[in-house]
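Worksheet: the structure to be examined is printed underneath.
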Amino acid sequence: MFGLEFDQIFFVLIAAVTLGFSVLVVTMRNLFHAALALMVAFLGVAVTYVTLGAGFLAMAQLLVYIGAISILIIFGIMMTRRIMSAEEEPFNGQAGLAAFTAVIFFAFTTYVFINYWPAVPAVSPLAMAPEVDPAMIDNSVVLLGQAFVNPNAYVLPFEVASVMLLAALVGSVFIAKPRIQEAEA
Amino acid sequence: MDIMELLKSLLELDLGGYLQSVGTAVWVINLIGVLNLATACMIIVIFLIWLERKVIARMQDRIGPNRVGGKYGLLQSVADATKLLSKELITPAGVDRIPYNVAPVLIVVASLLTWAVIPLAPGVIGVDLNIAVFFVLAISSVSVVTFLLAGWGSNNKYALLGAFRAVAQMVSYEVPMIVSLLVPILLARSMSTVDIVEAQGIPFIVVVPLSALIFFISALAETGRTPFDLLEADSEIVAGFHIEYSGMKFAMFFLAEFLGTLFMSAFFVVIYLSGYRFFGVEELMIGGLHIGALLGFIVFVVKVFLVYFVFIWIRATLPRVRIDQLLNFNWKFLVPLSLVLLLTVAVMDKLFLADAAQIPKAAVLMVTNIVVGWVTVELLRRRDNDGQTAVSPITEEAVTAH
Amino acid sequence: MLDNWQFIAIFVLFAPLIPGAAIGANWLLSPKKPNRIKQETYECGVEAVGSSWIQFKVQYYIYALVFVVFDIEAVFLFPIAAAYGLLGAFAVVEIVLFVLILVAALAYTWGDGSLEWV
């Protein structure tokens, strides 16, 4: 069909689903439905990872984004006082500014990918990942594990990640604290 | 000769290998594998419901199902399923249609999918992923979402409250489960379930008994079984998140619960009880026929049912805990304990046991596990005796729930 | 690797047919006599009052938050555990440090009283 491989059709399909549900996330008026649409968008990204041979990343996407972040978002929605079933206006005065920022960010990342990312061939926007040795993909999790603790690779980001998690937790608990005391009173 | 080859492949549980040798396409073989696996799961669950009712009845000095299908009531579940088929599907007014109808389907899909990575016998596995354990965790976290879908979609306060409790319980107990699973992965040096089974010359329940215990307790909570069956605490939230479902839609939640419990038994067997291995019986060859595959499968099934029996036994023995006890027990006992255990095993393994032989290493790790567990229990006891705020949920003062 | 995922893909496509068939058969066989009383939201003997989508307490959020932290921790630790045989002794120090920082996070929420169920 149009000279496309099965892989490419599949990719376009998944990308369309992901983008479609992303649009729904920002346009739906019921916040719970928006959160559900967000989950489907996350799922689409996970499927894309699988087609690229990054199974570990795909499962991490499921575990962290669908299993944890989405639930956090839904709990957040349920905590707010009136939003629950109220139909919120999805656009406010900052919509234009947000769109502008998004376009700038997209242009910037595209520029970086095309010019500074050697692994991505800038031949066609539909170009699939270059052929990789299958043994390397099977072993990728172990390589990843080694890279995390290798002083010449990612040990600093690895440790900083845990500090960042600590900071995020302390910060959120600090913000939530007055609500807990309010609930106790 | 072809028939002989086919019979041989069936006896060796290697139908896929035979089909491949006659040139069947890979996706057809995969489809047949999926059909086998899913059908087997369904049939076993029907049997399982009967088994559970019978065993519980016996433990409570009752007879249990004894009318339908002969003296032992073997067809009771079939009769129940048929009855449910003829029940009206009542959809309450004001439900949120999409989440309400997706939830019962999705929960069954999630509990079926995890079976893909369980090695049932030597060489018999849906798919040997190199991230199998991680896959299981990811899929179970999707099933958590279905509770929210059902609870929200039902337009019922009890359902939503039940769903929130269920999710809080699931996500909480996922933490000790993940951390305790890291220990066997660390010892097996792999996330593949096949590699983990192959690494268990000595079953991990002997090597790291504390990790196995933490996993088992978390598994009880993850599947919502007694004493952690707060998701459907009838006296508090009626039936929990599936209160507004009737007929087959309700049966799907029931089915998923049994599938989930059976899966947790199988997963426990694979991770801690060396799966299909039993003193080398799984490698037995008789006259060129790999009969060990069949024996390994029988060994696996027997082990799974033994673990499942313990699940039933606990259900018949323990009363339900309160929600504050449940969450305190997790965050203030299981999580810290599992983290301490993980660090201890990691340090011991690398610094002291890097070159040790298998048996001394296992012995040292087992003693370490027992010491960690004993010290924890001793510390808790001291603390209780000092009259301070107890960490143990059993002795904690009742705080008002809700 | 992709062949492995083919099995999962077929499974994902096939699995919904089982609950779908069961519910579909039920829908075909069952009586369909809805009425207003039958379709009311369940409540213990009285009529349900107000919206069911009510506000929830903040504790649920805190538990989910702590869970996110440990979930992300797991994503980091799983590959390290799988590669453990190939790591040097220095890696142990890094892992211990990593986990201890997270234990500090847990200790903070614990000491803060945020883990209490009120």
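Since we're looking at a predicted model, the values are computed, not measured. What you see below is based on every heavy atom in this structure, not just the backbone, and it leaves out hydrogens, waters and symmetry mates. Chain letters run A, B, ... following the sequence lines, proteins first and then strands; every chain starts at 1.
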- Contact class of B:L255 relative to chain C, heavy atoms under 4.5 angstrom: neither

- Query: Non-hydrogen atoms of chain B under 4.5 Å away: do they reach the side chain of C:V12, the backbone, both or neither?
  - Reply: both

- Message: Applying side chain to side chain donor-acceptor pair (under 3.5 Å), can you list everything that pairs with B:N36, at least two apart in sequence or on another chain?
- Response: none

- Message: Between B:V108 and chain C, with a heavy-atom cut-off of 4.5 Å, which part of the residue counts as in contact: side chain, backbone, both or neither?
- Response: side chain

- Would you tell me whether C:N26 and B:K249 have side-chain atoms, one donor and one acceptor, within less than 3.5 Å of each other? no

- Message: Please classify the contact between C:F14 and chain B as side chain, backbone, both or neither, with a heavy-atom cut-off of under 4.5 Å.
- Response: side chain

- Query: Out of B:A168, B:S141, B:P104, B:A116, which one racks up the most heavy-atom pairs below 4.5 Å with chain C?
  - Reply: B:A116

- Can you check whether B:K83's main-chain N or O pairs, donor with acceptor, with B:S86's side chain at less than 3.5 Å? yes

- Query: Side chain, backbone, both or neither: which part of C:F70 has a non-hydrogen atom closer than 4.5 Å to chain B?
  - Reply: side chain

- Note on the structure: Here the gap from B:L186 atom CG to C:I80 atom CD1, rounded to the nearest 0.5 Å, amounts to 10.0 Å

- Query: Which answer fits C:V92, side chain, backbone, both or neither, if we ask what part of it has an atom under 4.5 Å from a heavy atom of chain B?
  - Reply: side chain

- Task: Check whether B:L84 gets within reach of chain C through its side chain, its backbone, both or neither, counting any heavy atom under 4.5 Å.
- Result: backbone

- Given B:I178, B:V183, B:V340, the one with more heavy-atom pairs under 4.5 angstrom with chain C than any other is B:I178

- Contacting moiety of B:D128, where chain C heavy atoms sit under 4.5 Å: backbone

- Message: Less than 4.5 Å apart, side chain to side chain, heavy atoms only: is that true for B:F329 and B:V321?
- Response: no

- Contact class of C:V75 relative to chain B, heavy atoms under 4.5 angstrom: both

- Task: State, yes or no, whether a side-chain contact exists between B:L334 and B:Y173 at a heavy-atom distance under 4.5 Å.
- Result: yes

- Query: Just wondering, do B:L129 and B:F134 contact through their side chains at under 4.5 Å, heavy atoms?
  - Reply: no

- Item | Proximity breakdown for C:L106 and chain B, heavy-atom pairs closer than 4.5 Å | side chain

- Message: Need one label for B:L182: side chain, backbone, both or neither, based on atoms under 4.5 Å from any heavy atom in chain C.
- Response: both

- Item | Winner by heavy-atom pair count (cut-off under 4.5 Å) against chain B, out of C:A22, C:A74, C:P79 | C:A22

- B:D349: side chain to side chain donor-acceptor pair (under 3.5 Å) partners, not counting sequence neighbours: B:R189, B:K361

- Message: Which atoms of B:L342 are under 4.5 Å from chain C, going by heavy atoms: the side chain, the backbone, both sets, or neither?
- Response: side chain

- Query: Considering only heavy atoms, which portion of B:V133 lies under 4.5 Å from any heavy atom of chain C: side chain, backbone, both, or neither?
  - Reply: side chain

- Query: Heavy atoms, side chains only, cut-off 4.5 Å: are B:S180 and B:L341 in contact?
  - Reply: no

- Task: Considering only heavy atoms and a distance below 4.5 Å, find which of C:A9, C:P16, C:P31, C:A64 pairs most often with chain B.
- Result: C:P31

- So, do B:P92 and B:Y100 sit near enough that their side-chain heavy atoms are less than 4.5 Å apart? yes

- Note on the structure: So, the part of C:I23 with a heavy atom under 4.5 Å from chain B: the answer is both

- Query: Measuring from B:I46:CD1 to B:C41:SG, what's the distance to the nearest 0.5 Å?
  - Reply: 12.0 Å

